[in-house]
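All of these numbers come straight from a predicted model, not from anything done at the bench. Per chain, numbering begins at 1; letters A, B, ... match sequence-line order.
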Amino acid sequence: MKSSVITFPGSNCDRDMDVALKKFGFKNKMVWHNDAELPKSDLVVLPGGFSYGDYLRCGSMASKSKIMKSVINFANSGGMVMGICNGFQILVETGLVPGVLLRNKYLEFICKNVYVKINNKQNTYFNNINNEVLKFHIAHNEGNYFCTKDQLKEIEDNEQIAINYCDKNGKTDEQFNPNGSIKNIAGIFNKEKNILGMMPHPERMIDPSLSGEDGSLFFNNLINNLK
Amino acid sequence: MKISVIITLKKDVLDPQGKVIHQTLDGMGFNDINEVRQGKYFEININENDSKKAKDKVEEMCKKLLANLVIENYKIIDAQ
């Protein structure tokens, strides 16, 4: 399976993602934002970081960069595109997934482990994962998911909510919402479910000596689903 | 010519920064404030002497980059 990780000026989780993808069998290529052509890929990842210093709005500049035209074409033709953290912010700015990510409700940069409940397994990302709840890591200042009432209805009707913040038992109460996101939303799909944007970092959970292994579970499952 | 743009958050969008500014002002003794909303201001110097054409171009910039229409409104005004 071939993957591509896009590096923007200010990306800082691109190499972590490269390590994670390779560990679970992807042949990964790093792609510079100013390239026009996307290499042949089964999965494209927009990594976390602070692309363009978060100027104007997080992800807004990166969403207009040269490579994004190819990424958008790839996504619109059914290609698998995953945006993590700043990558999620870039995805919403392109309009590939609905909504926006606002400043966290309590104005704090949040860096901690969280639990997320898988809301929809009928897709290539989460199909065949036995767990209902995964432990991932978040590190963001603008992860407060917001959308209009009409968009929320559409997202819910199309089952586009991928994961919600919860406690370790999968309870998705407001008290387990770290950043003020509507309905505890931590990640969403596009309508067709080939595009996934999420704030948590699975690539930070691939080594038991450093963290947990729920990221390993995620990537292992993903590559098997893609085969 | 110079064109100015003011970007504001839409009414229903939470503005935590505006809230904190409000609280701080309140703490400083400005007790008669109902609400503070934070926005953005741009001055764009554009090579176009026709005011209507210049504003049309700036409007396109607003829609494509300067504002996110899910949460923000824009207002275009003459600067000079």
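Annotation for A:Asp214 and A:Val133: closest pair OD2-O, 4.3 Å, computed over non-hydrogen atoms. Taking every heavy atom of both residues into account, A:Pro202 and A:Phe218 meet most closely at CB-CD2, 3.8 Å. Taking all atoms of both residues into account, the shortest heavy-atom contact from A:Ser4 to A:Val31 is CB-CG2, 3.8 Å. Between A:Pro47 and A:Ser11, the shortest heavy-atom contact is CG-OG, 4.1 Å.
Among B:Val70, B:Ile7, B:Val20, B:Asn68, the residue making the largest number of heavy-atom pairs under 4.5 Å with chain A is B:Asn68. Among B:Asp12, B:Leu9, B:Val13, the residue with the largest count of heavy-atom pairs under 4.5 Å with chain A is B:Val13.
Proximity of A:Cys13 to A:Glu203: side-chain heavy atoms (C-beta onward) are separated by under 4.5 Å at one or more points. Residues A:Leu21 and A:Leu43 have side chains in contact (heavy-atom distance under 4.5 Å, counting atoms from C-beta outward). Counting heavy atoms from C-beta outward, A:Glu159 and A:Gln122 have side chains that stay 4.5 Å or more apart. Counting heavy atoms from C-beta outward, B:Glu48 and B:Ile3 have side chains that stay 4.5 Å or more apart. By the 4.5 Å heavy-atom criterion applied to side chains, A:Ile90 and A:Ile6 are not counted as neighbours. In this structure, B:Leu69 and B:Tyr74 have side chains that are in contact, with non-hydrogen atoms separated by less than 4.5 Å. Under the 4.5 Å side-chain criterion, counting only non-hydrogen atoms from C-beta, A:Val5 is not in contact with A:Ser3.
Residues of residues 103-120 of chain A having a heavy atom under 4.5 Å from any heavy atom of chain B, listed by number: A:Arg103, A:Asn104, A:Lys105, A:Leu107. The stretch residues 160-194 of chain A places none of its residues near chain B, where near means some heavy atom under 4.5 Å from a heavy atom of that chain. Residues of residues 59-89 of chain A lying under 4.5 angstrom from chain B, judged on non-hydrogen atoms, are A:Ser60, A:Lys64 in numerical order. Taking 4.5 Å as the heavy-atom cut-off, none of the residues of residues 29-37 of chain B approach chain A.
Of the charged side-chain nitrogens involved, at least one lies within less than 4.0 Å of a carboxylate oxygen, so that A:Lys121 and A:Glu132 count as a salt-bridged pair. A salt bridge links B:Asp56 with B:Lys52: the closest approach of a Lys/Arg side-chain nitrogen to an acidic carboxylate oxygen falls below 4.0 angstrom.
Although no hydrogens or angles enter the test, the distance criterion places no donor-acceptor pair under 3.5 Å between the side chain of A:Arg204 and the main chain of A:Ile138. In this structure a side-chain-to-backbone donor-acceptor pair under 3.5 Å is missing from A:Asp54 to A:Phe50. Of the possible polar contacts, none joining the A:Asn28 side chain to the A:Asp18 backbone as a donor-acceptor pair under 3.5 Å is found.
The CG atom of A:Leu196 sits 9.0 Å away from atom CG of A:Leu222, with the distance rounded to the nearest 0.5 Å.
Between A:Tyr52 and A:His33, the angle of the ring planes goes over 60°, which puts this pair in the perpendicular group of the 30/60° scheme.
In this structure, chain B has heavy atoms under 4.5 Å from both the backbone and the side chain of A:Leu56. For chain A, the nearby parts of B:Gln17 are the backbone and the side chain; heavy atoms of each come within less than 4.5 Å. Within the 4.5 angstrom heavy-atom criterion, only side-chain atoms of B:Ile71, from C-beta onward, approach chain A.
Side-chain contact annotation: B:Asn73 with B:Thr8, donor-acceptor N/O pair under 3.5 Å absent.
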